[in-house]
Engineer: 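Starting off with a structure, shown below.
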Number of protein chains: 2
Amino acid sequence: MTTPEGEFRRDESLGYVVNLLGRLFARALDQRLRRHGVALGQFPVLLILWEQEGITQSEIARRLDIEQPTVANTLKRMERDGLVSFGPDPGNRRQVLVGLSEKGRALRAPLIAEAEAVNGQASQDFSAAERALFIALLRRMAANLSEFSE
Amino acid sequence: MTTPEGEFRRDESLGYVVNLLGRLFARALDQRLRRHGVALGQFPVLLILWEQEGITQSEIARRLDIEQPTVANTLKRMERDGLVSFGPDPGNRRQVLVGLSEKGRALRAPLIAEAEAVNGQASQDFSAAERALFIALLRRMAANLSEFSE
DNA sequence: TGCTGTACTATAGCTTGCTATGTTGTTTCG
DNA sequence: CGAAACAACATAGCAAGCTATAGTACAGCA
């Protein structure tokens, strides 16, 4: 399944097309989140905190599969924007527990609605079966790429 | 197809999963390109220039669906790294034509091999039909998101 | 011709991702 | 107990995406 002659068609390259679609999703969601004063990268962190507050920075990084310094910087901007606050863990002085502000909690329903609107637009002509199939293929591919790098 | 109760499952969200897969592709390809001294974002630009040299910055941006300032900055780094050179267009003094260095041309085969290796790993257990179906779904979704923003 | 609009490039500034490295606290084990 | 390993967080520095804006050259038209 290698390409015949040093040729390489961008439009047939999995990585290229996935990356392009990813940027389209990012642009669409970013525009909508900005209306609420929230930046794109803050949204996944909010998703985690809406599930569970009082976890550590590294736990957030682990659940999102993002590096710890990236999360640290995003949290710092979220604190600046009044979305989260940090409290020391009395039982463990090296870690810091992250909590939501009221503002952060209140954004849950409206921001999730924005994300669902984007997902809805993206899959507007997909049947439920197609959508499920698509997610399954995405996940298989992600699993393939997560295997030890070689 | 909206979610029942303010719930939002990351693992079922199209945007979330596409974004995650995109980062996995990016990490995998970045690691491989680094061995050749090339940064990830330079690769799409190289793909364009391998097809056709002597085009303008904005033409590159248009073909890749990336904003012009992003391309401008990437090209600046590529010049620094000795991959491209700029020549003024004698017939049009406002634009600049981008050309490849010998080094840039020579990287074609090895870098395409790296990209194909990543694509191959990602789709290692996919049949040709599945791969084609997957690409078709990605493209439909991209078309849906490209429709005028609302 | 000259003015207006458009196209190309550049610059500033932000966010979010990454790696690499350092600091500090906790755990483990000899 | 003390040393070594490990875990959490911070910081520095880079790449690449974005928006907004400004400057310059060209084109089209009154």
Side-chain angles (χ1 to χ4, degrees), chain A residues 19-35 37-46 55-81 83-84 86-98 149, chain B residues 19-35 37-46 54-81 83 86-98 149:
Chain A
N19 177 269
L20 173 60
L21 182 59
R23 278 186 295 114
L24 292 175
F25 267 107
R27 285 182 201 163
L29 186 55
D30 190 47
Q31 282 191 355
R32 288 171 172 272
L33 295 180
R34 281 156 157 267
R35 302 173 190 161
V38 172
L40 179 64
Q42 302 179 349
F43 183 63
V45 176
L46 286 172
I55 58 180
T56 67
Q57 186 184 107
S58 4
E59 181 58 26
I60 296 175
R62 219 171 285 122
R63 295 193 195 178
L64 292 176
D65 196 1
I66 284 180
E67 298 302 317
Q68 169 263 325
T70 300
V71 172
N73 287 328
T74 295
L75 283 174
K76 216 175 287 171
R77 287 186 292 267
M78 292 175 78
E79 185 187 30
R80 178 202 63 192
D81 298 346
L83 293 172
V84 301
F86 304 114
D89 183 344
N92 190 333
R93 266 185 310 167
R94 100 192 116 163
Q95 67 193 18
V96 175
L97 304 183
V98 183
S149 338
Chain B
N19 177 268
L20 173 61
L21 182 59
R23 278 185 296 115
L24 291 174
F25 266 107
R27 284 182 201 164
L29 185 55
D30 190 48
Q31 283 191 352
R32 289 172 172 270
L33 294 180
R34 282 156 157 267
R35 301 174 190 160
V38 172
L40 179 64
Q42 303 179 350
F43 183 63
V45 175
L46 286 171
I55 58 180
T56 68
Q57 187 184 105
S58 4
E59 181 58 26
I60 296 175
R62 219 171 286 123
R63 296 192 194 179
L64 292 177
D65 195 2
I66 284 180
E67 297 303 315
Q68 169 263 324
T70 301
V71 173
N73 287 328
T74 296
L75 283 173
K76 216 175 288 169
R77 286 186 292 268
M78 292 175 78
E79 185 187 29
R80 178 202 62 193
D81 298 347
L83 293 172
F86 304 113
D89 183 344
N92 189 334
R93 265 186 309 165
R94 100 193 114 163
Q95 66 192 19
V96 176
L97 304 183
V98 183
S149 337

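The shown structure was predicted, so the numbers you read here are calculated from the model rather than taken from an experiment. Values below: all heavy atoms of this structure, side chains included; hydrogens, waters and symmetry mates excluded. Order of the sequence lines fixes the chain letters, A, B, ..., with proteins taken first and strands second; residue numbering starts at 1 for each chain.
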Engineer: For A:R93, which residues count as a side-chain hydrogen bond (donor to acceptor under 3.5 Å, both in side chains) partner, sequence neighbours excluded?
Structural biologist: none
Engineer: Applying side-chain contact (heavy atoms from CB on, under 4.5 Å) to A:L83 and A:E79, what does each step give before you reach the verdict?
Structural biologist: CA-CA 6 Å; A:L83 293 172; A:E79 185 187 30; over 6 Å; no
Engineer: Provide, to the nearest angstrom, the distance between the CD atom belonging to B:Q95 and the P atom belonging to C:dT6.
Structural biologist: 18 Å
Engineer: Identify the two heavy atoms, one from A:A72 and one from A:Q57, that lie closest to each other, and give their separation to 0.1 Å.
Structural biologist: CB-OE1, 3.6 Å
Engineer: Using a 3.5 Å distance criterion without hydrogens, assess whether the side chain of B:T74 forms a donor-acceptor pair with backbone atoms of B:T70.
Structural biologist: yes
Engineer: Would you mind telling me which residue lines up with the more 5' stretch of DNA chain D, A:N19 or A:V96, judged by nearest nucleotide?
Structural biologist: A:V96
Engineer: Would you tabulate the nitrogen or oxygen pairs shorter than 3.5 Å linking the protein to nucleotides 18-27 of chain C?
Structural biologist:
{"from": "C:dC18", "atom 1": "OP1", "to": "B:R27", "atom 2": "NE", "distance (Å)": "3.2"}
{"from": "C:dC18", "atom 1": "OP1", "to": "B:R27", "atom 2": "NH2", "distance (Å)": "2.8"}
{"from": "C:dC18", "atom 1": "OP2", "to": "A:E67", "atom 2": "N", "distance (Å)": "2.9"}
{"from": "C:dC18", "atom 1": "OP2", "to": "A:T70", "atom 2": "OG1", "distance (Å)": "3.3"}
{"from": "C:dG25", "atom 1": "N2", "to": "A:R94", "atom 2": "NH1", "distance (Å)": "2.9"}
{"from": "C:dT26", "atom 1": "OP1", "to": "A:R93", "atom 2": "N", "distance (Å)": "2.8"}

Engineer: What does the inter-axis angle of the helix from C:dT1-D:dA30 to C:dG30-D:dC1 come out as, five pairs per end, nearest 10 degrees?
Structural biologist: 0°
Engineer: Are any of the side-chain heavy atoms of A:L29 and A:L40 separated by less than 4.5 Å?
Structural biologist: yes
Engineer: Give me the first and last nucleotide of DNA chain D, going 5' to 3', that has any atom under 4.0 Å from a heavy atom of chain B.
Structural biologist: D:dA15 to D:dC26
Engineer: If I compare all heavy atoms of A:L33 with all of A:A39, which pair ends up nearest, and what's the gap?
Structural biologist: CD1-O, 4.2 Å
Engineer: Tell me, which pairs form a salt bridge (charged side-chain N to carboxylate O under 4.0 Å, His left out) where one or both residues lie in residues 57-66 of chain B, sequence neighbours left out?
Structural biologist: A:R27-B:D65, B:E59-B:R62, B:E59-B:R63
Engineer: Reckon A:R80 has a side-chain N or O less than 4.0 Å from the OP1 or OP2 of C:dT15?
Structural biologist: yes
Engineer: Does some side-chain heavy atom of A:M78 sit less than 4.5 Å from a side-chain heavy atom of A:V45?
Structural biologist: yes
Engineer: Measuring only between side-chain heavy atoms, which start at C-beta, is B:T56 closer than 4.5 Å to B:L97?
Structural biologist: yes
Engineer: Can you see which heavy atom on A:P44 is nearest to which on A:G41, and at what distance?
Structural biologist: CD-O, 3.4 Å
Engineer: Using the test side-chain hydrogen bond (donor to acceptor under 3.5 Å, both in side chains), find all partners of A:D81 that sit at least two apart in sequence or belong to another chain.
Structural biologist: A:Q42
Engineer: Expressed in angstrom and rounded to an integer, what is the separation of A:Q42 atom CD from C:dG17 atom P?
Structural biologist: 10 Å
Engineer: Nearest nucleotide by nearest heavy atom, which residue falls closer to the 5' end of DNA chain C, B:A72 or A:R77?
Structural biologist: B:A72
